[in-house]
Amino acid sequence: MAQALLQSVRSLRSTDVIKNLAEFHHSMMGYRAKGLRYDDLIPEENDLVQQALRRLPEKEHYDRIFRMRRAINLSSQQTELETKDHTKPHEDVPYLGPLITLVENEIATKESFDHLSSIPAHLLKRNNSTAV
């Protein structure tokens, strides 16, 4: 039953109505009018985010800083960018979220190996070394 509910929720997420509602929500948030992308709104005070930011390509890092400074400047002037300069929906792609997920997975893997008390049998079979 839980699997069927999960499947129905996933199929609902991909409907045009939900996609249009999500797009309307993003437009009403106002960050695109300041030239920001959604991942620019992620707070940087977290250690995971700091590690992910260090892994950003240099150009993406500079672009992020530029967008943040421009948005702060616009906010202090209480203005928005011209409509042609707003962040377009096709430009608003995740760039930091996948890196945060990657860092979280690496930390979880490291912690699971830190708590490993013995080598699992399937890993011992893969070991081709003669040393025991």
Side-chain angles (χ1 to χ4, degrees):
M1 179 169 161
Q3 189 69 18
L5 178 64
L6 184 61
Q7 185 63 30
S8 65
V9 169
R10 285 182 181 152
S11 65
L12 181 66
R13 272 192 340 204
S14 62
T15 63
D16 289 337
V17 173
I18 297 298
K19 288 180 182 178
N20 290 338
L21 184 62
E23 182 58 38
F24 174 74
H25 173 70
H26 284 291
S27 298
M28 294 305 294
M29 286 177 67
Y31 67 90
R32 289 181 178 167
K34 303 280 187 200
L36 294 172
R37 290 163 64 179
Y38 185 74
D39 280 1
D40 293 335
L41 305 177
I42 298 173
E44 297 180 8
E45 289 80 22
N46 188 337
D47 288 336
L48 289 172
V49 177
Q50 288 294 323
Q51 288 182 27
L53 284 172
R54 280 187 232 117
R55 295 179 183 198
L56 275 178
E58 189 173 348
K59 182 180 179 342
E60 188 67 48
H61 193 314
Y62 285 130
D63 289 346
R64 175 185 168 87
I65 292 171
F66 172 77
R67 288 190 302 270
M68 297 293 275
R69 288 182 178 175
R70 181 176 58 183
I72 290 169
N73 188 20
L74 290 169
S75 292
S76 68
Q77 296 172 359
Q78 296 183 354
T79 60
E80 293 181 349
L81 291 172
E82 295 181 24
T83 307
K84 66 180 179 71
D85 294 329
H86 287 195
T87 303
K88 312 291 185 286
H90 68 274
E91 297 170 345
D92 192 10
V93 294
Y95 67 94
L96 190 58
L99 289 175
I100 293 172
T101 304
L102 182 69
V103 170
E104 287 174 336
N105 291 341
E106 287 176 1
I107 289 173
T109 301
K110 183 181 180 294
E111 287 176 357
S112 68
F113 275 106
D114 286 346
H115 300 300
L116 196 62
S117 60
S118 64
I119 300 174
H122 69 280
L123 292 179
L124 280 174
K125 291 178 187 175
R126 289 186 358 190
N127 188 359
N128 294 332
S129 66
T130 57
V132 178

Just how far is it from atom CD1 of Ile18 to atom OG1 of Thr15, taken to the nearest 0.5 Å?
4.5 Å
Identify the heavy atoms of Tyr38 and Tyr31 that sit nearest to each other, and give their distance.
N-CE1, 3.4 Å
Among the clusters formed by ILVMFWY side chains lying less than 4.5 Å apart, do Ile42 and Leu48 turn up in the same one?
no
Spell out, as yes or no, whether a donor-acceptor pair under 3.5 Å connects the side chain of Asp39 to the backbone of Gly97.
yes
Is Asn20 reaching over with its side chain to a backbone N or O of Asp16, donor-acceptor style, under 3.5 angstrom?
yes
Could you pull out all residues at least two apart from Lys59 that satisfy salt bridge (charged side-chain N to carboxylate O under 4.0 Å, His left out)?
Asp63
Quick one: does any side-chain atom of Asp40 pair with a main-chain N or O of Arg37 as donor and acceptor, under 3.5 Å?
yes
Would you tabulate the side-chain donor-acceptor contacts of residues 79-87 under 3.5 Å, counting partners in other chains and residues two or more places apart, or write 'none'?
from  : atom 1 : to    : atom 2 : distance (Å)
His86 : NE2    : Leu81 : O      : 3.0
Thr87 : OG1    : Gly35 : O      : 3.3
Thr87 : OG1    : Leu36 : O      : 3.0

Going by the rule side-chain hydrogen bond (donor to acceptor under 3.5 Å, both in side chains), which residues pair with Asn46 if we only count those two or more places apart in sequence or in a different chain?
none
Please name all residues satisfying side-chain hydrogen bond (donor to acceptor under 3.5 Å, both in side chains) with Arg55, sequence neighbours left out, ordered by chain then number.
Glu106
The test is side-chain hydrogen bond (donor to acceptor under 3.5 Å, both in side chains); show your working for Arg64 and Tyr95 and say whether it passes.
CA-CA 10 Å; Arg64 175 185 168 87; Tyr95 67 94; 2.9 Å; yes
Please say which of Asn73, Ile72, Leu74 ends up in a side chain to side chain contact (heavy atoms under 4.5 Å, CB included) with Arg70.
Leu74
Lys88 backbone acceptor or donor facing Glu91 side chain under 3.5 Å:
yes
Applying salt bridge (charged side-chain N to carboxylate O under 4.0 Å, His left out) to Arg32 and not counting sequence neighbours gives Glu23, Asp92
Treating Ile, Leu, Val, Met, Phe, Trp and Tyr as nodes and any side-chain heavy-atom pair under 4.5 angstrom as an edge, say whether Val49 and Val103 lie in one connected cluster.
no
Backbone N or O of Glu44 within a donor-acceptor pair of the Gln50 side chain at under 3.5 Å?
yes
With a 4.5 Å cut-off on side-chain heavy-atom distances among I, L, V, M, F, W and Y, is there a chain of contacts connecting Leu41 to Met68?
yes
With sequence neighbours left out, what residues match Gln51 under side-chain hydrogen bond (donor to acceptor under 3.5 Å, both in side chains)?
none
